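Comments concern the structure below.
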Amino acid sequence: MRRVSVFGATGSIGCNTVDLLQRQGGGDGFHVVALTGGRNIALLARQARALRAELAVTAYEEFLPDLRDALAGTGIEVAAGNRAIAEAAARPVDWTMSAIVGAAGLEPGLVSMRHGGILALANKESLVTAGDLMHREARKHGARILPVDSEHSAIFQALQGEDHAAIERIILTASGGPFRDWPLERLHEATPEQAVAHPNWDMGQRISVDSASMFNKAMELIETHEFFDVTPDQIEVLVHPQSIIHSLVGFVDGAVMAHLGPPDMRGAIGYALNWPDRAPLPLERLDLARIGRLDFEAPDETRFPAIRLAREVMRRGGLTGAVFNAAKEVTLDAFLDHRIRFTDMAVIVEKVLETMDRHHDLQDEMTDLQSVLAADAAARKRTTEAIASHQANRG
Ligand code: NAD
Ligand code: MG
């Protein structure tokens, strides 16, 4: 029986993963080793019981007693804290879902690759912060990283049976988010509540705001560069408000292969779960006649400076991605707390990239997890200072 673990099981991607595992037999179809979550203990306990997991882990030590109570008498082991999550990742499995949000997802993914197998990677931050390291670990242990982000799953599927040398360009689609049509001069007024309301995809709060600011697309540009070994110049962004075409690949002969489907993450998760085969998935079937039309436009980089920043990050390489991601996470928190405005996020991230690039050798090769975590911590500190001085200046 296939052994599986799900990191970030209680999140948006995690719940969809658990749903697919249940539809494919649950505890009878899989040996579920570890499920991890955060504060939603009731949900984590429900999932662990339903899938008869070996182990349930909450990221937060203070919730351990609750988790222990919720699973009392089931024989399911419980644990808490980041160490416990990394230890859960060290238990051998054949398939791991990496769906923790943010830089916290990096270590469990790295650890889980040590026993080979498949790492289904929703946590794009892993490739943005530590692409080199992820690839090195995968090669060393014979692990296989599969994309779960819808765009990258689309590209991966469009590339099946193709020769890498035949790729001319990759076209990443972007919905453009809720502010695509807002007048530019009003964009600074956008609130977290408005940013969270994504028109097509039902996602976690943080990635929803990242979609509205296009920081999510910026991260995905870097993720594309890392996953498919293409140069920054080979990656284009195309705004496509309906989110039906999940991305496209252009080949040297001018042919373009697109991947289409309803906006439902279970498509990409299910592909990674069943790869290299395909299995029936509970997705709404695409009805193009009913949809009627698909629209496209070029991205507006004045409105969304994150795209330009991502190209700069790819050009610099090394630890720049770790700084970019950390600065983005800290400014995102400040925006969610109403401490800075929507448009301030990119301004501050750019400032942090510039000052840190001047003072550190960010373009040096990343040696190990420690160097990535150190760059991450330094960037968080620098960003917190930049936010404080930004607030002071605004009075
Ligand atoms: P989410 O916020 O819904 O869930 C995050 C999960 O991580 C939860 O289980 C939470 O408990 C856990 N978690 C949060 N902080 C943690 C920490 N510090 N330590 C350990 N666990 C922690 O997020 P999501 O939308 O499911 O996204 C998960 C990942 O997948 C992100 O990297 C995101 O970019 C990526 N992704 C999501 C979608 C989507 O549609 N939701 C699409 C593509 C990629
Ligand atoms: Mg995506």
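Worth saying up front: this structure is predicted, and the values here are computed from it rather than measured. Whatever order the structure lists them in is the order used to number ligands and atoms, beginning at 1.
Contact annotation: the side chain of Met134 approaches that of Ile145 to within less than 4.5 Å [non-hydrogen atoms, C-beta and beyond].
Residue-ligand proximity: Arg206 is placed with every non-hydrogen atom at 4.0 Å or more from ligand 1. Every heavy atom of Gly105 sits 4.0 Å or more from the atoms of ligand 1.
In this structure, atom 27 (O) of ligand 1 lies nearest to the protein heavy atom Ile13 CG1, 4.2 Å. Of the protein's non-hydrogen atoms, Ile207 CD1, 3.5 Å is the one closest to atom 36 (N) of ligand 1. Regarding atom 3 (O) of ligand 1, its nearest protein heavy-atom neighbour is Ser12 N, 2.8 Å. Closest to atom 13 (N) of ligand 1 among all protein heavy atoms lies Ile100 CG2, 4.1 Å.
Partner of Asp344 under the side chain to side chain donor-acceptor pair (under 3.5 Å) criterion, out of His188, His390, Gln391: His390 alone. Each of Glu54, Arg2, Arg52 was scored for a side chain to side chain donor-acceptor pair (under 3.5 Å) with His31, with one residue passing: Glu54. A side-chain contact (heavy atoms from CB on, under 4.5 Å) with Ile155 is found for exactly one of Ile167, Asp149, Ile170, namely Ile170.
Counting only protein atoms, the N, O or S atoms lying less than 2.8 Å from the Mg ion (ligand 2) are Asp149 OD1, Glu151 OE1, Glu220 OE2, ordered by chain and residue number.
Residue-ligand proximity, Ala104 to ligand 1, at heavy-atom distances under 4.0 Å covers atoms 17 (C), 18 (N), 19 (N).
Compare Thr58, Val101, Ile85 by their heavy atoms: the one nearest to atom 23 (O) of ligand 1 is in Val101.
Geometrically, Arg303 does not engage Phe179 in a cation-pi contact, judged by NZ or CZ lying under 6.0 Å from the ring centre and within 45° of the ring axis.
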